[in-house]
Amino acid sequence: MESTPLSELLAIRRQKLDAIRAAGVDPFGQRFETDGTIAEVRAKFAEGAALRAAGRITAHRDMGKSQFLDLSDSSGSGNLPGRIQIFIHAKEIGDEAFAIFKNLDIGDFIGVEGEGFITRTGEPTIRVKNFTVLAKSLKPMPDKWHGVQDTEIKYRQRYLDLIANPESREVFHKRIAIVREIRRFLEDRGFLEVETPMMQAIAGGAAAEPFKTHHNALGMDLYLRIAPELYLKRLLVGGFPKVFELNRNFRNEGISRRHNPEFTMLEAYWAFADFEKMADLVEELICHLAQTICGGLKIEHKDAEDNVTKTINLERPWKRARYADLIRSVVPDWYELSPQIRRERAEEMGLDVRQCVADFEVTQHLFEKMIEEKTMDPLFVTHCPKELVPLAKQNAEDPSVVDVYELVINGQEISPGYSELNDPIVQRQRLEEQSGGETQKLDGDFLEALEYGMPPAGGIGIGIDRLVMMLTGAESIRDVLFFPHMKPRETA
RNA sequence: GGGUUGGUAGCUCAAUGGUAGAGCAGUGCCCUUUUAAGGCAUUGGUUCUGGGUUCGAGUCCCAGCCAACCCA
């Protein structure tokens, strides 16, 4: 159903499509055997070698009888780009094929077979003997030099961003490598990857607004999980000593530079360990990722002009400091002040604490603004107030704090780690306090599981999106998600 | 939710309230080793949408949509 006439550019591409069909060639081809991805073809490249490659035409340099084109895919890395030059000449492919070739455009997928040679300018090139049309592109590609600049197009039509912007491809290749390397790291240490429910009758394990859905056959509402924690702990009860889950969580809250409604979280639990052992594990893991994927422990973030805007130093050992000591480093007598005076002092420092109801929230706001946001290099904040963390063990000497760390890097909370609370009676009390009497939010099945005995354990979470931001220098979570959430738009 | 900025050709961007332009892409011609190829010529516009002010609006005003950033 096309009521409006196609623009001239689209009409010309349709005409070429028809011309290819009229010549008896299917413009949307079939299986094509290649010598691998284009990076792999480049690795095999030798003068005189027979080569087969397939990819998208990304550049065309028309020299009259000699035609040079670039064939690309996203396989490139380092000194083996996902791009190879091909040379097409009527004498090599014949007049009939050359007439088909005239109907190709930048953006089309083709397969070629030919022979390797080096041009006068030293470029490895395939001298094409035969080519096959694999997919005609009916829409023009983005600007070859500037790529896609429009953030809306980058996010809504990520494929165009990936085609046109190598720096975006690089970020996503790093993300893929980070996730793969995390799995390998944990599996090497005996952790088992498990899958637990994403649809839960009670959305527990964190304090966040869940997405609601409905199961028709059961006639009941369900929630998309905000955390897998309570199910992973059931596995500790079930006797699995080392488990992890690396998958999506969903939170029905604001969208920002640092928040997407669905985000990827790693949670890992280690029976008989504690939060300090987990901190060591996380420190080792993140340094391993930086060294294997980012080339070292100094991570540079750059702006659009390639100027270094900040440097994050991951050199070990990472600093560890108690929450209360950090607060005292900002306001030495903070803990001697009354709640009312604390509010006043916070406001004097330019903080807006109107949203903070309880006293501990005022302190937490001070922490976030004056410490967390200013911390670039890794800092384990330990012994946080117990009100902030209802699922962790209270400290033996000071029951007002819990045996936890919050790892802050790049001004953001990257990873929490706990000595997990395994006393079912205390756990019930703490959850009841947190729910403020809304007992329907209590996960009774989880509490029952604890009553059968959960081993003391260390647990961690790592926000994978924020970790990738830190390691790749992305300033927005949207730059590390293939398809960040966007409001729907009328489509053509 | 509040504030700021932006939305112009397929893409990247211009345009004191006074005839909507450039580069790339496209089209045509020239060129047998180019690589942001080059040269000559040329096509292409509901200026996000809807109102308003004005002799005249891409530009000013109002409302809306979408996006980015900041704040909560």
Side-chain angles (χ1 to χ4, degrees), chain A residues 3-17 19 47 56-72 81 83-93 98 102-108 114-128 137-161 163-166 209 253-260 303-304 346-347 350-357 361 365 368-369 373 411 474-479 484-492:
Chain A
S3 50
T4 51
L6 295 171
S7 83
E8 188 194 6
L9 290 174
L10 302 187
I12 289 167
R13 292 212 172 200
R14 292 293 178 102
Q15 285 162 18
K16 291 177 175 175
L17 178 79
E47 281 190 89
R56 189 190 289 278
I57 299 171
T58 51
H60 180 201
R61 293 175 287 280
D62 179 355
M63 302 287 298
K65 292 203 171 63
S66 289
Q67 304 280 328
F68 291 91
L69 298 94
D70 287 343
L71 226 51
S72 304
R83 182 192 67 78
I84 193 161
Q85 177 166 270
I86 64 173
F87 172 82
I88 288 183
H89 193 288
K91 259 199 276 186
E92 302 280 349
I93 63 171
F98 199 75
K102 297 291 254 180
N103 288 304
L104 295 181
D105 284 300
I106 290 174
D108 294 353
E115 183 185 294
F117 79 106
I118 305 276
T119 64
R120 206 160 58 188
T121 53
E123 179 83 12
T125 304
I126 301 174
R127 187 191 310 276
V128 175
S137 164
L138 298 179
K139 292 232 184 196
M141 288 293 123
D143 189 283
K144 69 175 177 184
W145 186 242
H146 300 94
V148 177
Q149 295 299 319
D150 186 316
T151 51
E152 200 168 343
I153 297 176
K154 276 169 72 91
Y155 299 151
R156 285 192 196 279
Q157 295 175 277
R158 179 67 81 188
Y159 47 92
L160 295 179
D161 179 44
I163 290 166
N165 299 339
E209 188 66 25
E253 300 189 340
I255 295 177
S256 80
R257 209 162 57 80
R258 296 171 177 200
H259 298 86
N260 196 64
D303 63 15
E347 276 165 9
L351 304 180
D352 182 355
V353 291
R354 283 172 299 180
Q355 299 286 326
C356 304
V357 181
E361 291 173 318
H365 193 73
E368 285 171 3
K369 293 290 165 188
E373 286 186 10
E475 297 303 331
S476 170
I477 195 170
R478 297 180 194 98
D479 293 324
H485 186 78
M486 303 286 275
K487 278 198 188 181
R489 188 189 54 168
E490 296 257 334
T491 50

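Letters A, B, ... mirror the listed sequences (proteins, then strands); counts begin at 1.
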Exercise for the section: Can you check whether any acceptor in the base of B:U34 is under 3.5 Å from a donor in the side chain of A:Arg61, or vice versa? Expected result: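 Under the 3.5 Å cut-off, the side chain and the base do form a donor-acceptor pair.
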Practice task
Decide yes or no, distance alone: a donor-acceptor N/O pair under 3.5 angstrom between the base of B:U34 and the side-chain of A:Thr119.
Solution key: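 Check passes, donor-acceptor contact within cut-off.
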According to a strict under-4.0 Å criterion, is [X] in side-chain N/O contact with OP1 or OP2 of [N]?
X        : N     : answer
A:Arg14  : B:G26 : no
A:Arg354 : B:A72 : no
A:Arg478 : B:A68 : yes
A:Lys369 : B:A72 : yes
A:Lys102 : B:G28 : no
A:Arg257 : B:C69 : no

Using a 3.5 Å distance criterion without hydrogens, assess whether the side chain of [X] forms a donor-acceptor pair with backbone atoms of [Y].
X        : Y        : value
A:Arg13  : A:Ser137 : yes
A:Asn165 : A:Val148 : yes
A:Asn260 : A:His485 : yes
A:Gln67  : A:His60  : no
A:Arg56  : A:Gly107 : yes

Using the 3.5 Å cut-off, write out each protein N or O paired with an N or O of nucleotides 9-13 of chain B and the distance between them.
from  : atom 1 : to       : atom 2 : distance (Å)
B:C11 : O2'    : A:Asp143 : N      : 2.9
B:C11 : O2'    : A:Gly147 : O      : 3.3
B:C11 : O2     : A:Asp143 : OD2    : 3.0
B:U12 : OP1    : A:Gln149 : N      : 3.0
B:U12 : OP1    : A:Asp150 : N      : 3.0

[N] to [M] separation - [atom1] atoms, rounded to the nearest Å:
N     : M     : atom1 : result
B:G44 : B:U33 : P     : 34 Å
B:A15 : B:U8  : C1'   : 10 Å
B:U59 : B:G6  : C1'   : 14 Å
B:U19 : B:G58 : P     : 10 Å
B:G21 : B:U43 : C1'   : 15 Å
B:A9  : B:U47 : C1'   : 10 Å
B:C48 : B:A57 : P     : 15 Å
B:A20 : B:A36 : P     : 37 Å

When you compare the side chain of [Y] with that of [X], does any pair of heavy atoms fall below 4.5 Å?
X       : Y       : answer
A:Ile12 : A:Lys16 : yes
A:Ile57 : A:Leu71 : yes
A:Arg61 : A:Gln85 : yes

So [X], base contact, sugar-phosphate only, or nothing? Heavy-atom distance under 4.0 Å.
X        : result
A:Tyr155 : sugar-phosphate
A:Lys154 : nothing
A:Gln355 : sugar-phosphate

Euclidean distance, atom [atom1] of residue [X] to atom [atom2] of [N] [Å, nearest integer]:
X        : N     : atom1 : atom2 : answer
A:Gln157 : B:A67 : CD    : P     : 14 Å
A:Ile86  : B:U33 : CD1   : C1'   : 15 Å
A:Ile12  : B:U42 : CD1   : P     : 17 Å
A:Ile106 : B:A36 : CD1   : P     : 13 Å
A:Gln67  : B:C30 : CD    : C1'   : 13 Å
A:Asp108 : B:A25 : CG    : P     : 16 Å
A:Glu123 : B:A37 : CD    : P     : 12 Å
A:Asp62  : B:G28 : CG    : P     : 10 Å

For [N], what is the paired nucleotide under Watson-Crick or G-U wobble rules, both distances under 3.5 Å?
N     : value
B:G56 : none
B:A36 : none
B:U27 : B:A41
B:U12 : B:A22
B:C69 : B:G3

Exercise for the section: Provide the full list of salt bridge (charged side-chain N to carboxylate O under 4.0 Å, His left out) pairs with a residue in residues 114-123 of chain A, sequence neighbours left out, each pair given once. Expected result: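 Matches after skipping sequence neighbours: A:Arg83-A:Glu123.
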Quick test: give all pairs of protein nitrogen or oxygen and nucleotides 2-5 of chain B nitrogen or oxygen below 3.5 Å, distance rounded to 0.1 Å.
none

Exercise for the section: Return the set of residues passing side chain to side chain donor-acceptor pair (under 3.5 Å) with A:Asp352 (not counting sequence neighbours), or none when no residue passes. Expected result: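 Per chain and number, A:Asp352 pairs via side chain to side chain donor-acceptor pair (under 3.5 Å) with A:Arg354.
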So which nucleotide from [options] ends up closest to the side chain of [X]?
X        : options             : result
A:Met486 : B:A68, B:U32, B:C66 : B:A68
A:Glu152 : B:C66, B:U34, B:U27 : B:C66
A:Asp352 : B:A72, B:U33, B:U27 : B:A72

Problem - Test salt bridge (Lys or Arg N to Asp or Glu O under 4.0 Å) applied to A:Arg156 - qualifying residues, sequence neighbours left out - result: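 Counting only residues at least two positions away or on another chain, A:Arg156 forms a salt bridge (Lys or Arg N to Asp or Glu O under 4.0 Å) with A:Glu152.
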Practice task
Between A:Gln85 and A:Leu104, just flag the one whose closest nucleotide in RNA chain B comes earlier from the 5' side.
Solution key: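 Per heavy-atom nearest nucleotide, the more 5' residue is A:Leu104.
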Exercise for the section: On RNA chain B, check which nucleotide each of A:Gly350 and A:Gly122 is closest to and give me the residue with the more 5' one. Expected result: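 Here A:Gly122 is the residue nearer the 5' end.
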Problem - Set of residues satisfying side-chain contact (heavy atoms from CB on, under 4.5 Å) with respect to A:Ala19, sequence neighbours excluded - result: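 A:Ala19: side-chain contact (heavy atoms from CB on, under 4.5 Å) contacts with A:Asn103.
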Practice task
Please report the closest heavy-atom contact between A:Leu104 and A:Asp108, naming both atoms and the distance.
Solution key: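 A:Leu104 and A:Asp108 have their closest heavy atoms at CA-OD2, 3.4 Å.
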